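What follows is a single structure, written as structure tokens, with notes after it.
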Amino acid sequence: MRENWKNFVKLLAILAGMVFLFWLWLHRMESVKEEPEGEKMSVEDVKILLEALELSVTFEDTQETAGQWELTYGQYLSIYEQIGGAEKGIPEFADKYEETHAFLKEDWYQAFQRMLAFYDLDSSIWKTTVFIIKVDAQEKKLYTQNSEYTYCSSSFADSAFFKEEVYVKGDELLTSVRTLDEKTILENVWVMEVTGGQNGQTESGQGGTESQTELEETAAYTISCFYRQVEFTVPAAEQTEREQVTDLAFENGKLTDAVVKSEKIRGKLLRVTPDAMEIEGYGTYETEESLEVYKLFGTLEAQSKTDLMIGYDYTDFVVWNQKICACLVSREGEMDQIRVLLKNTAEGGYYYEKALVTADGQQTLVEADKMDVGERLVFQNQALTDKVKLEIEDIQKSDNYYRGALEFYKTEEGMVIINELPLEEYLYAVVPSEMPASYPMEALKAQAVCARTYAFKYILHAGFAGLGAHLDDTTSYQVYHNLEENAATTTAVKETAGMKLYYQGELAENYYYSTSCGYGTDTGIWKSDKEPISYIRPGKLAPEDAKQNAQSAEDMALEENFAAYIKTVDETDFESGEAWYRWQYEVAEADVDELLARIKERYQANPALILTRKEGADGAYYVSESVQDIGELQNISISKRGPGGIADEMLITGNKAVIKVISEYNIRRILCDGESQVIRQNGSATVPGTLLPSAFFVIETGNMEEDMVGYTLIGGGYGHGVGMSQNGAKEMGRRGYGYEDILRSFFVDCEIKG
């Protein structure tokens, strides 16, 4: 009996143990988490993003799927621990994953946002949405609607015609967060060609993955397109028209619709505003925000509205819903006409109340209040060599007889006058207005080439597109009709007909000025965002043998070198005999109030170039702020010179403020009181209006105790000092230099051609 009891107890113990083990197994089964469903994060993309954050993290690669390594939760934990995720508020996801589970994309990007907030303090990585129109898998480049990128993640290789939410750093697409299931329309695409048949193929580099190739092989047609400088091909189920502007609609990587816009008009483009264009014979059309401009001749290019040529009819305008949606520049013609806006110098603007015009012997009084807005009146003699006479009350010009046509156009603001004429005939009046006709012929030819090049740049890119003119007739562009035409200057224009100045195939910038002090400077004096023009080089203006022994333009930027030079006459300089080669300007007693007023005026024009000194823990520094008072004037000095010795920065010291004035123009304006005389080296005197002759000078101040009384400037040259010195060209022409040699000496490495 006792033995049976013992056996029974043993049996119960065994059964209890089995039940306990079964319970443990069931509990374990209940605690094991199911692997989450969703798109998995790849190790490749994780490494790309961590590298972009400049985080050095190590973990082992495991579990390969579909050619890509998937990130496991164990790997994520390793990253989390190495970067101190708990302290940085990065989610751990401990209640969601087992270590062997693949980590979901949505969870990684949630964590990555927290990493960005902590590590990317300068916000160099950002998220955006792009529609991809072409992928070059070989070069690892892709093209979106607006930009070209290199890409990092291999997932982009099959992303053509998909809209993606992506992370970007600089010009690199890092990874795709997700593909967006949205319809995208590329508006106003130029369709170049359509090929048919079941085996229509796209260009190499358009993806090249298995799914893309499969799509191409099953498509009935292939459309070759051009859009914003990108050529690409699109597999299509249905045929569309070639050489047409077309809207292409995409969804889920496939072309779903193509809308052809075939209505076109053509005529002379009269003007372009931000939201409209006027075409001769058709009137004014509004333009679509999505307007595209295509240059079809030569190399196919996408251009902008500023590239459209005012006054020419070389463009087809595509109209859709009564708006211009695209411009097709179809051919390259002779750009030999120029449209000049005549300024109303009496009123200081471009609008006129009335004008008296004489054409073919008939006088007409044109009155603004008798014209409708948008109306144009054109006056031209039947004989092409005859000129139209223009008379305007209170405006006196040496020459009021105009070649070509005079066009009166009524805008909402008033009536403007435009002179349209051949470019070469325009130069007949420009060259004598810009350079004395008595100068040597080769100098006049050099000036003619400069003037033609300058004008041609504005024919290509109109300065007054909204009014339908290329440039105006003042010193803001080129002086026109200031003086009568002259046989010598007309000969210079004719003997250089069509010749322009180019640098590396592009029209060159060709600045010029009156007289140098013996040295020129570079375009850096104008403080633009652009780098100084490489072919306009500062240096000495003298024969080659004299240059070899002279100081460089950089050496002249040192105060002691320039001061020693400007106080003497170097007989080797081309312009040493010119009146403006050396000059002196004396202000006996500086008027502080007027000086302060000119400082304030220049501050209003460009605050970044007028700075006030502040004292800090690390020393003095300068800030841009409104100047209220400088107190008693104590000193004026040049604190920085540019190449050739030009004054580039100036300090004005008062007992209440120290002001730094930046740029040669500001310095010339602020120091010119409008009353004191400039004495030229030949003893002649003149009073400059609002600007000193040049910024090539040194300052000598006169003091009474601690306060400054006045200042004397010892200087040289007339003008900004950039590009061609006209009096330098005159002397070179007198010494036998040809116009091409003259131009190449001022514009180094440039080519003169028609």
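Note that the coordinates shown come from a computational prediction; the quantities given were computed from them, not determined experimentally. Computed from heavy atoms alone, side chains included, the values below leave out hydrogens, waters and symmetry copies. Heads up: numbering here begins at 1 and tracks the sequence.
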### Task
Take I752 and R744 through the test side-chain contact (heavy atoms from CB on, under 4.5 Å) and record every step on the way to the result.
CA-CA 9 Å; I752 298 115; R744 290 194 185 102; 4.0 Å; yes

### Query
For the atom pair OG1 (T184) and CZ (F131), what is the distance rounded to the nearest 0.5 Å?
5.0 Å

### Message
Side chains of T299 and E301 only: does a donor on one sit below 3.5 Å from an acceptor on the other?
### Response
no

#### Entry: Minimum-distance pair of heavy atoms, taken over all atoms of P274 and T287
O-OG1, 4.0 Å

### Task
Using atom types as modelled and distance alone, determine if a side-chain donor or acceptor of T521 lies under 3.5 Å from a backbone N or O of P643.
yes

### Task
Please say which of D336, V493, T490 ends up in a side-chain contact (heavy atoms from CB on, under 4.5 Å) with E424.
V493

### Message
Apply ring pair (Phe, Tyr, Trp, His ring centres under 6.0 Å) to residues W580 and Y513 and explain how you reach the verdict.
### Response
CA-CA 12 Å; W580 281 114; Y513 61 101; over 10 Å; no

### Whether S290 side chain and E187 backbone form a donor-acceptor pair below 3.5 Å
no

### Task
Tell me whether the guanidinium CZ or amine NZ of K387 lies under 6.0 angstrom from the six-membered ring centre of Y402 and within 45° of its axis.
no

#### Entry: Carboxylate-amine/guanidinium proximity below 4.0 Å for K445 and E442
yes

#### Entry: Flag side-chain contact, heavy atom, 4.5 Å: S534 against V748
no

#### Entry: Between Y426 and Y480, ring centroids under 6.0 Å
yes

## Note on the structure
Nearest heavy-atom contact between G719 and S694 is O-CB, 3.5 Å

### Query
Relative to the ring of F408, is the ring of F379 parallel (under 30°), tilted (30 to 60°) or perpendicular (over 60°)?
perpendicular

### Side chains of K730 and M435 in contact at under 4.5 Å (non-hydrogen atoms)
no

### Query
To the nearest 0.5 Å, how far apart are CD in E393 and CD in E353?
11.0 Å

### Task
Answer yes or no: is there an ion pair linking K527 with D648, defined by an N-O contact shorter than 4.0 Å?
yes

#### Entry: R452 side-chain N/O to M499 backbone N/O, donor-acceptor pair under 3.5 Å
yes

### Query
What's the shortest heavy-atom distance between G404 and N419, and which atoms?
C-ND2, 4.5 Å

### Query
In this structure, are over 12 heavy atoms from other groups packed under 6.0 Å from E347 atom CD?
no

### Query
Does some side-chain heavy atom of F317 sit less than 4.5 Å from a side-chain heavy atom of Y285?
no

### Message
If we ignore hydrogens and angles and just use 3.5 Å, is the side chain of Y352 paired with the main-chain N or O of K343 as donor and acceptor?
### Response
yes

### Worked verdict on V722 versus I525 for side-chain contact (heavy atoms from CB on, under 4.5 Å)
CA-CA 9 Å; V722 177; I525 64 168; 3.5 Å; yes

#### Entry: R403 side chain vs Y428 backbone, donor-acceptor pair below 3.5 Å
no

### Query
So do Y351 and N344 actually touch side chain to side chain, heavy atoms under 4.5 Å?
no

### Message
Quick check: do L421 and I338 have side-chain heavy atoms less than 4.5 Å from each other?
### Response
yes

### Task
Go through the steps to decide whether V245 and K264 satisfy the test side-chain contact (heavy atoms from CB on, under 4.5 Å), and finish with yes or no.
CA-CA 10 Å; V245 171; K264 301 181 183 73; over 6 Å; no

## Note on the structure
Between the CD atom in E485 and the OH atom in Y401, the distance rounded to the nearest 0.5 Å is 13.0 Å

### Query
Is I536 close to F747 at the side-chain level, that is, under 4.5 Å between some pair of heavy atoms?
yes

### Task
Measure up the Y454 and Y477 rings against each other and bin them: parallel (under 30°), tilted (30 to 60°), perpendicular (over 60°).
perpendicular

### Nearest-0.5 Å distance that lies between atom CD1 in I662 and atom CG in N666
8.5 Å

Can you give each donor-acceptor pair under 3.5 Å made by side-chain atoms of residues 369-376, sequence neighbours left out, with the distance rounded to 0.1 Å?
from, atom 1, to, atom 2, distance (Å)
K370, NZ, E367, OE1, 3.0
E375, OE1, D372, N, 2.8
R376, NE, E278, OE2, 3.1
R376, NH1, E407, OE2, 2.4
R376, NH2, E278, OE1, 2.9

### Message
Under a 3.5 Å distance rule, please check whether S147 uses its side chain to pair with a backbone N or O of T144 as donor and acceptor.
### Response
no

### Message
Looking only at side-chain N and O atoms, does T246 offer a donor or acceptor that is under 3.5 Å from a partner on Q244?
### Response
no

### Query
Checking R331 side chain against F297 main chain: does a donor-acceptor pair fall under 3.5 Å?
no

### Message
Tell me whether the rings of H720 and W526 are parallel (<30°), tilted (30 to 60°) or perpendicular (>60°).
### Response
perpendicular

### Query
With distance as the sole criterion, is a donor-acceptor pair present between the side chains of Q726 and Q447 under 3.5 Å?
yes

### Task
Starting at CE of M309, measure out to OH of Y314 and round the result to the nearest 0.5 Å.
7.0 Å

### Query
Is the closest basic N to carboxylate O distance between E509 and K530 below 4.0 Å?
no

### Task
Determine whether the side chains of Y718 and N727 contain a donor N or O and an acceptor N or O closer than 3.5 Å.
no

### Message
Looking at every non-hydrogen atom in both residues, tell me the closest pair between Y458 and G463 and how far apart they are.
### Response
CD2-N, 3.9 Å

### Message
How close do K323 and E288 get, counting heavy atoms only, and between which atoms?
### Response
CB-CG, 4.1 Å

#### Entry: S433 and N482: side chain donor to acceptor below 3.5 Å
no

### Query
Checking D360 side chain against N381 main chain: does a donor-acceptor pair fall under 3.5 Å?
no

### Message
If I compare all heavy atoms of Q478 with all of Y512, which pair ends up nearest, and what's the gap?
### Response
OE1-OH, 3.4 Å

### Query
If only atom types and distance count, is the side chain of T411 paired as donor or acceptor with the main-chain N or O of G414 below 3.5 Å?
yes

### Query
Would one find more than 12 heavy atoms of other residues, nucleotides or ligands at under 6.0 Å from atom CD of E286?
no

### Query
Step by step, would you call L541 with F746 a side-chain contact (heavy atoms from CB on, under 4.5 Å)?
CA-CA 9 Å; L541 276 64; F746 291 107; 3.6 Å; yes

### Flag, side chain of R668 to backbone of L692, donor-acceptor distance under 3.5 Å
yes

### Message
I'd like to check D522 versus I533 (side-chain heavy atoms, cut-off strictly below 4.5 Å). Are they in contact?
### Response
no

### Distance in Å, E231 CD paired with Y143 OH, rounded so as to fall on 0.5 Å steps
10.5 Å

### Query
Side chains of F464 and I310: closer than 4.5 Å at any heavy-atom pair?
no

### Query
So, is the end of the K134 side chain (NZ or CZ) under 6.0 Å from the ring centre of F232 and within 45° of the ring's axis?
no

